[in-house]
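All ligand and atom numbering here is 1-based and tracks the order in the structure.
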Amino acid sequence: MAKQRAEVDALSEAEARAELARLATEINLADAAYYQRDDPHLTDAEYDALRQRNLAIEAAFPHLKRKDSPSDKVGARIGDGFSKSEHLVPMLSLGNAFSDQDVEDFSAKIARFLGLSGDDTITLTAEPKIDGLSLNLLYQKGKLVRASTRGDGAVGEDVTANARTISDVPEQFGGKDWPDEIEVRGEVYMTHADFAALNSREHEAGRKGFANPRNAAAGSLRQLDVSVTKSRPLRFFAYAWGAVSAPVAETQWDTVAKFAEWGFSVNLLFSRHETTQNLLAAYADIERQRATLGYDIDGVVYKVDRLDWQARLGFVSRAPRWAVAHKFPAETATTLLEAIEIQVGRTGSLTPVARLSPVTVGGVVVSNATLHNEDEIARKDIRIGDTVTVQRAGDVIPQITGVLDPGRKGRPAPWAMPETCPVCSSPAIREIDDKGTEDVRRRCTGGLICAAQTVERLKHFVSRQALDIDGLGSKQVALFHERGVVKSFPDIFQLEARIAEAGLPPLAEWEGFGETSAKKLFDAIEARRRIEFAAVLKGLGIRHVGRTVSGLYERNFLSWSRFWETVARAAEAPESETAEAARAELAAIDGVGNAAVDALVSFYSDPASREMLTALDAELDVLDGEAASDDSPVSGKTIVFTGKLEKMTRDEAKARATMLGAKVSGSVSAKTDILVAGPGAGSKLKKAETLGIKTLTEEEWITLVGSGRYFDCA
Ligand code: IVH
């Protein structure tokens with residue numbers, strides 16, 4: 001892990017952004033394959049590695065976090081065929097730990113967040129991480145009323161009839177003391193023996209069978225014909241819950257014990273520990289038993305036992321702060337490096353990609369791997385024709401970890417990165433920043449003349465995370481660009497006319513289109529003329545102005561035109577008073593850095609950008625942002641915390657405020673709505689009083705926003 005972290009630290013902003021973009025795409029594709037088609041092309045380790053890398057980069061470059069960041073989503077959109085079912089409380093996911101150090105960090109973070117001292121014991125549970133698919137079971141008065149898959153975390157698929165065929169899922173609770181309403185959650189899985197038997201039946205019937213037990217479980221549960229599900233031996237372990245009408249117990253441990261009393265299967269390897277050392281011993285113990293369990297597990301999940309602490313810790317992005325999945329290590333294989341190809345990204349960065357002789361690494365065929373950058377290749381001395389070790393896990397995967405027999409005779413010369421762009425032949429250079437540091441990534445200087453960059457920018461503009469135009473994907477954008485009809489963003493909204501002007505036949509006559517899909521595409525483009533502020537801003541692909549920053553600008557400026565007027569003022573007469581005031585306004589938002597403001601100003605200073613913006617404005621009806629519509633009492637408000645908080649840590653207070661739709665700022669200004677002042681508050685409190693800003697004590701703050709909604713039935 002240390003090595004991988006160092007790699008993240010070594011990324012330049014541009015690289016980080018490019019990599020986050022690539023990770024978002026890869027994760028989206030993997031999610032679609034997994035959730036919609038039950039046919040994953042990545043193994044768990046590969047997938048986790050992608051997510052892990054994404055989180056690591058986001059942690060290092062928070063302002064680059066994308067609007068479509070995979071860390072905000074649990075899975076992909078749901079497929080057709082089942083009706084939708086909204087979870088009462090969202091189904092989230094788990095952060096990963098890959099090393100003992102990660103586990104230490106996990107518990108240290110908990111202690112810090114809760115403000116615990118060294119003497120306080122944090123009891124944690126340990127249990128196998130079952131490699132299946134999660135299921136949400138809603139019980140009312142002890143009776144199963146609905147079962148749903150996780151879906152995108154908020155809305156899943158209603159698989160009630162299918163779930164009723166699973167014998168581990170009680171139709172009616174036994175025992176006593178169950179709440180009126182509870183969402184019991186757990187994992188549907190298939191044992192190795194049942195999987196083997198199912199696959200041999202499938203093969204006999206001339207069908208392909210399933211790649212692994214998890215796919216078999218997912219494919220079996222998500223059968224439209226319930227009798228098929230019934231014929232498949234599915235099992236279920238209960239390990240978590242969502243909405244609960246009344247508390248069941250005070251600890252994770254006791255709640256799971258209740259599940260068992262009510263008739264659920266719970267995992268027998270569930271244990272409880274007071275030290276990290278014992279937790280790690282439990283991990284080792286479970287890992288030792290892995291091969292003989294008879295079902296797939298891919299790690300060990302640790303959870304804070306005390307539920308009041310779980311409630312205080314809450315969630316961040318898609319995962320709880322009170323739980324983590326400690327994953328088993330990656331698998332490796334060796335293969336031949338056949339070639340190194342160069343990919344050109346949206347910002348012109350050249351990424352070397354390894355083409356490998358296909359090799360199976362832990363059940364999945366791998367035929368390419370990222371090589372990151374030229375320094376990385378030189379450091380590992382990777383050359384074409386080498387036999388290399390390939391690993392899947394912990395990092396962007398698959399990854400080449402080393403070369404076998406580097407001293408062999410007849411080895412070719414070291415590989416050299418091309419100094420011109422393979423697409424537009426412009427010089428490709430490594431920028432040197434103002435501190436004299438050379439960018440590890442080589443960048444094509446062709447800008448808009450580089451077809452690869454232009455196409456990548458256009459793809460980004462129409463992609464799901466930006467304008468989200470249905471039916472206009474990478475393939476179509478590349479095609480329209482190649483035919484010369486779409487060269488810049490506004491062209492998309494003139495597509496029909498531009499096709500005609502170019503003397504091309506109408507789109508309906510193009511290969512692969514036809515009347516219906518051409519009409520659908522034009523309709524989809526029309527539909528996005530009315531578009532959210534943040535989506536357009538994000539779509540422009542300005543450096544440092546990604547998902548988070550675009551969203552912050554939308555929420556703070558509300559008006560698209562006022563925003564650009566401010567940027568224009570900041571760009572007009574640099575260093576003038578008006579420019580400085582405008583810059584200050586653009587930078588005064590918590591979460592927006594100077595880099596973003598510089599990038600906006602530099603974007604706007606280019607006449608070509610202004611021309612494009614004017615043309616784009618003529619096509620679009622950019623909707624003004626709305627002050628957060630959430631009905632929380634602090635939604636849309638700007639809050640400042642000062643002084644010492646006694647009931648919660650500063651991080652905890654900030655997290656709660658953000659979750660409720662408030663903006664947290666570090667300094668008091670006329671824009672501050674509420675100052676929460678603990679003992680010892682000084683100048684901020686004085687300033688707030690002078691400005692007549694509402695001030696609350698910590699007590700009053702808790703009364704206003706509550707302390708968490710863990711047991712709420714939403
Ligand atoms: S707890 C809010 N416990 O892993 C946390 N999850 O990567 C709820 N999983 O979505 C999850 N075994 O599908 C938990 N013992 C276990 C698990 C487990 C498998 C799955 C589950 C979850 C995913 C997160």
Side-chain angles (χ1 to χ4, degrees), residues 27 30-31 34-35 40 42-52 54-55 70-71 73-76 87-98 106 124-137 147-154 156 168 183-190 213-215 217-218 221 235-244 252-253 255-256 259-260 264-272 279 282-283 286 290 293 295-305 307 309-311 313-328 393 710:
I27 293 170
D31 277 344
Y34 181 110
Y35 290 104
L42 296 183
T43 63
D44 277 7
E46 281 172 337
Y47 179 78
D48 284 339
L50 291 179
R51 280 210 180 257
Q52 177 71 11
N54 189 66
L55 281 178
S71 52
K73 285 188 286 187
V74 167
H87 309 307
L88 298 183
V89 165
M91 289 183 81
L92 295 151
S93 193
L94 291 171
N96 289 326
F98 292 99
F106 164 72
L124 290 153
T125 61
E127 67 199 278
K129 182 166 188 295
I130 317 296
D131 196 7
L133 72 152
S134 46
L135 186 66
N136 187 27
L137 302 166
S148 44
T149 62
R150 182 169 64 177
D152 67 0
D168 290 333
E183 288 180 309
V184 175
R185 293 172 177 177
E187 203 83 354
V188 175
Y189 67 101
M190 195 179 278
R214 188 194 51 210
N215 294 352
L221 183 69
R235 317 232 177 166
F236 178 79
F237 278 130
Y239 53 64
W241 59 98
V244 194
Q252 181 76 28
W253 184 262
T255 311
V256 172
F259 289 169
F264 287 99
S265 287
V266 297
N267 198 285
L268 292 175
L269 297 179
F270 192 43
S271 59
R272 192 153 63 153
L279 210 57
Y283 171 87
I286 292 175
R290 185 180 184 185
L293 287 176
Y295 51 87
D296 279 349
I297 64 172
D298 57 350
V300 176
V301 182
Y302 307 133
K303 297 171 186 166
V304 169
D305 196 35
L307 301 186
W309 282 358
Q310 287 191 4
L313 287 157
F315 297 83
V316 61
S317 292
R318 63 182 189 112
R321 287 194 189 83
W322 46 264
V324 75
H326 188 177
K327 306 304 284 285
F328 294 135
Y710 201 71

Tyr295 vs Phe237, ring-ring contact (aromatic ring centres under 6.0 Å, His included): CA-CA, chis, key distance, verdict
CA-CA 12 Å; Tyr295 51 87; Phe237 278 130; 5.6 Å; yes

task = Take Asp168 and Arg235, measure what salt bridge (charged side-chain N to carboxylate O under 4.0 Å, His left out) needs, and give me the verdict at the end.
result = CA-CA 6 Å; Asp168 290 333; Arg235 317 232 177 166; 5.3 Å; no

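Distance alone, capped at 3.5 Å, places no donor-acceptor pair between the Gln252 side chain and the Lys303 backbone. Listed for the Gln310 side chain is no donor-acceptor partner under 3.5 Å among the backbone atoms of Ala323. At least one donor-acceptor pair closer than 3.5 Å links the side chain of Glu187 to the backbone N or O of Gly132. A distance-only check finds a donor-acceptor pair linking the side chain of Glu183 to the backbone of Val89 [under 3.5 Å].
Remark: ligand 1 and Ala240 share no N or O pair separated by less than 3.5 Å (distance only, no angle test).
With ligand atoms numbered from 1 in the order given, ligand 1 contributes 7 (O), 24 (C) to contacts under 4.0 Å with heavy atoms of Ser93. Residue-ligand proximity, Leu92 to ligand 1, at heavy-atom distances under 4.0 Å covers atoms 10 (O). Which parts of ligand 1 touch Arg150 is read off a 4.0 Å heavy-atom cut-off, strictly below it: atoms 10 (O), 22 (C).
With a 4.0 Å heavy-atom cut-off, ligand 1 is reached by the side chain of Glu127 but not by its N, CA, C or O. The side chain of Val301, and not its backbone, has at least one atom closer than 4.0 Å to an atom of ligand 1 (non-hydrogen atoms only; side chain from C-beta on). Proximity of Arg185 to ligand 1, defined as any heavy-atom pair under 4.0 Å, is not found for any part of the residue.
Assignment of Ala323 to the shell around ligand 1 is not supported, since no heavy atom sits closer than 4.0 Å. Residue contact annotation: Met91 has no non-hydrogen atom under 4.0 Å from ligand 1. Close to ligand 1: Pro128, with a non-hydrogen atom less than 4.0 angstrom away. Residue contact annotation: Pro320 has a non-hydrogen atom under 4.0 Å from ligand 1.
Taking the side chain as every heavy atom from C-beta outward, Phe270 and Tyr239 never approach each other to under 4.5 Å.
Across all their heavy atoms, Arg214 and Asp131 have their closest contact at NH1-OD1, 3.2 Å.
The option with the heavy atom closest to atom 20 (C) of ligand 1, from among Lys303, Gln310, Glu187, is Glu187.
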